[in-house]
Amino acid sequence: MLAKLQNMSEIWQKRLFVVMTAAAIAPLYFENTAQIGGVLFLFPFILLLIVASSKKSRRLAKVEKNWILVSLAYAVVFILSFLLRPPYTDDGIWRLSSPGFILLLLVWFWIAVKLKLDKFAIVIVAFSSLTFAILLFVSELYVSGWHPGYRYGMVLADIGKTGFFLPLTAFLFGVLFLKYRKNLYLMLYLLAFILSGLAASRTALVMVALPLIFIVIYLLLSAKNLSSVKKVSIFVLSAFVLSTALFLSKAKLTETINDYKLAEQNNYYSSLGLRVSMFKVGVEMAEKHFVLGIGPNLYKSELRDYVRTTHYSKQVKETIPMFTHLHNQFLMDFVLSGIAGIISLILFIGYPIKVLFQLFKNGRKEEAIFGIGFMVGFWFILFFGAIFTYTYTTILYMLTIGSVILFYRDDLGKKHD
């Protein structure tokens, strides 16, 4: 039996990989599929792990080793922060799911390396995510119909999650288009872009707009082989797409302006106002627990104590402890794990930027610029949200960055260790 598994054909390896990856992504959009998704993920995962373990000819490249190391460091720092700070609480245990999935998806990444699925993985992640996104969109229209004020993800899912998933999906199709220049990838990129806009989310707007802005500016200023007509066409098309995204997000942008005006009047009971107040509370907590942090187990109780001492209104004081995080990833890791937490986070989200700069130096300039724009947008939203607090957002981030590193394995250096 073991020998048969180790000699599994490449076509069956790919089929099982598709099932495994799609099963990991389906619950991101349809939460009630989590149980069956878990089963469908683990079965091919175990089989492919056995197959991959028998492959001795394929070794990890340096870029792949480093990605595993920085991801491992981030997960381990959080896990140690939990284990070394008892008593263990339900809230602390819940927070272990995110680093747990980081470790699990590092094995997914390792399997893809060993089975030589470099260019296959990014296609499967992108198509799986967009397929479930379209199914969610159609399902929501079927349930509620189109109506004024409709926001993608507000009926059967969660706007916060879908507003993060679709920009990552658009990014993957953008990368595929820039490398292969196939019209299909361009159309799917635009579809993911539009769905991102329908979420009417500030997160989605930033994450889809910045990569597009970066690549358009680069093409207009640096692409000498483009004619004036093509440059004008690129500018007009990009302006139209961005204007569409801004129009779809108009209500949320107006809300942001109103929230800012309320905060100027010391009224922090609004989306933006609560983020400002949580930032101030988080800074005070980080300053007091600068070296080691509070730890996941004591986070909730310490947060309640800090909030009680503030000058904010009763509504704000009662609301802040209800959130699972401080809406700032940098602060959250500082508060939970101290110096080690913030250093491991910077390595975790900084390494992809290093990879993209190396890609630029190695000649894949357009894809690198597009990717750098994406990572700039990603860093920006981490000041207003804690992506790695949630299992679901962590999963798609790991699949996205891992598949991009696999995709450019050969472009990042021919010498493999």
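What you see below is based on every heavy atom in this structure, not just the backbone, and it leaves out hydrogens, waters and symmetry mates. Quick caveat: nothing in here was measured; it's all calculated off a predicted structure. Numbering of residues begins at 1 and proceeds along the displayed sequence.
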(request) Go through the steps for Y74 and L347 under the test side-chain contact (heavy atoms from CB on, under 4.5 Å), then give the verdict. (result) CA-CA 8 Å; Y74 182 71; L347 290 173; over 6 Å; no
(message) Both conditions, 6.0 Å and 45 degrees, for the charged tip of K161 above the ring of Y392: are they met here?
(response) no
(request) Assess whether ring-ring contact (aromatic ring centres under 6.0 Å, His included) is satisfied between F388 and F78, documenting all intermediate values. (result) CA-CA 11 Å; F388 305 123; F78 189 94; over 10 Å; no
(message) By the definition ring pair (Phe, Tyr, Trp, His ring centres under 6.0 Å), identify the one residue from F193, Y185, F165, F370 that meets it with F171.
(response) F370
(message) Would you say that L198 contacts R151 through its side chain, given a criterion of any heavy-atom pair below 4.5 Å between the two side chains?
(response) no
(request) Identify the two heavy atoms, one from F383 and one from N328, that lie closest to each other, and give their separation to 0.1 Å. (result) O-ND2, 3.1 Å
(request) Please report the C-alpha distance between F348 and W67 in whole Å, then the side-chain angles of each, then the deciding distance to 0.1 Å, and finally whether the side-chain contact (heavy atoms from CB on, under 4.5 Å) criterion is met. (result) CA-CA 8 Å; F348 184 46; W67 171 239; 3.7 Å; yes
(message) Do K14 and F120 form a cation-pi contact, if we require the NZ or CZ to be under 6.0 Å from the six-membered ring centre and within 45 degrees of the ring's axis?
(response) yes
(request) Kindly write out the residues that satisfy salt bridge (charged side-chain N to carboxylate O under 4.0 Å, His left out) with K114, not counting sequence neighbours, or none if the list is empty. (result) none
(request) State whether the number of non-hydrogen atoms from other residues, nucleotides or ligands found under 6.0 Å of D90 atom CG is greater than 12. (result) no
(message) Hydrogens and angles aside, do T324 and Y390 bring a side-chain donor and acceptor to less than 3.5 Å of each other?
(response) yes
(message) Measuring only between side-chain heavy atoms, which start at C-beta, is I381 closer than 4.5 Å to M207?
(response) yes
(message) Contact between W12 and P44 at the side-chain level, heavy atoms closer than 4.5 Å - yes or no?
(response) no
(request) Using a cut-off of 6.0 Å, state whether more than 12 heavy atoms not belonging to I36 lie near its atom CD1. (result) no
(message) Let's go through L104 and F45 carefully: what are the C-alpha distance in whole Å and the side-chain angles of both, what is the deciding distance for side-chain contact (heavy atoms from CB on, under 4.5 Å) to 0.1 Å, and is it a yes or a no?
(response) CA-CA 10 Å; L104 189 65; F45 177 83; 3.7 Å; yes
(message) Holding to salt bridge (charged side-chain N to carboxylate O under 4.0 Å, His left out), I want the full list of residues that pass it with R364, two or more places apart in sequence or in another chain.
(response) E367
(message) Are there over 12 heavy-atom neighbours, none belonging to F30, within less than 6.0 Å of that residue's CZ?
(response) yes
(message) Does W108 form a ring-ring contact (aromatic ring centres under 6.0 Å, His included) with F41? I'd like the steps, not just the answer.
(response) CA-CA 10 Å; W108 173 92; F41 175 86; 8.9 Å; no
(message) More than 12 heavy atoms of other residues, nucleotides or ligands under 6.0 Å from OH of Y88: yes or no?
(response) yes
(request) Could you tell me how the ring of Y150 sits relative to the ring of F137: parallel (under 30°), tilted (30 to 60°) or perpendicular (over 60°)? (result) tilted
(message) I'd like to check F334 versus H289 (side-chain heavy atoms, cut-off strictly below 4.5 Å). Are they in contact?
(response) no
(message) Parallel, tilted or perpendicular: which one describes the rings of F378 and F374, with boundaries at 30° and 60°?
(response) parallel
(request) Keeping the roles fixed (side chain from Q315, backbone from Y269), state whether a donor-acceptor pair exists under 3.5 Å. (result) no
(message) Looking at F407, I'd like to know if the NZ or CZ of K179 sits under 6.0 Å from its six-membered ring centre while staying within 45 degrees of the ring's axis.
(response) yes
(message) Between I401 and V355, is there a side-chain heavy-atom distance shorter than 4.5 Å?
(response) no
(request) Before giving the answer on side-chain contact (heavy atoms from CB on, under 4.5 Å), spell out for F384 and R275 the whole-Å C-alpha distance, their side-chain angles and the decisive distance to 0.1 Å. (result) CA-CA 7 Å; F384 301 94; R275 281 170 166 78; 4.3 Å; yes
(message) Is it the case that the side chains of Y408 and Q358 hold a donor-acceptor pair, with the cut-off being a distance below 3.5 Å and no angle test?
(response) no
(request) Could you tell me whether F357 atom CZ has more than 12 heavy atoms of other residues or ligands within 6.0 Å of it? (result) no
(message) Angle between ring planes, W379 versus F330, binned at 30° and 60°: parallel, tilted or perpendicular?
(response) tilted
(request) Would you confirm whether Y152, through its side chain, and L136, through its main-chain N or O, come within 3.5 Å as a donor-acceptor pair? (result) no
(request) Taking the side chain as every heavy atom from C-beta outward, state whether F177 and L184 have any atom pair closer than 4.5 Å. (result) no
(request) Return yes if some donor-acceptor pair links the side-chain N/O of E284 with the main-chain N/O of V281 below 3.5 Å, else return no. (result) no
(message) Looking at L176, is its backbone amide N or carbonyl O close enough to the side chain of R181 to form a donor-acceptor pair, meaning the two atoms are under 3.5 Å apart?
(response) no
(request) Kindly check if the number of other-residue, nucleotide or ligand heavy atoms within 6.0 Å of NZ (K300) is above 12? (result) yes
(message) For the residue pair T21 / S128, report whether a side-chain donor-acceptor contact shorter than 3.5 Å exists.
(response) no
(message) Treating T89 as the side-chain partner and G92 as the backbone partner, does any N or O pair qualify as donor plus acceptor under 3.5 Å?
(response) yes
(message) Do L336 and I294 have side chains that approach each other closer than 4.5 Å (heavy atoms only, starting at C-beta)?
(response) no
(request) Kindly say whether V51 contributes a backbone atom to a donor-acceptor pair with the side chain of S54 at under 3.5 angstrom? (result) yes
(message) Donor-acceptor check, side chain of T169 to backbone of S129, threshold 3.5 angstrom: yes or no?
(response) no
(message) Using side-chain heavy atoms (C-beta onward) and a distance below 4.5 Å, is R95 in contact with D91?
(response) yes
(message) For K56, is there any backbone N or O sitting under 3.5 Å from a side-chain donor or acceptor partner on R59?
(response) no
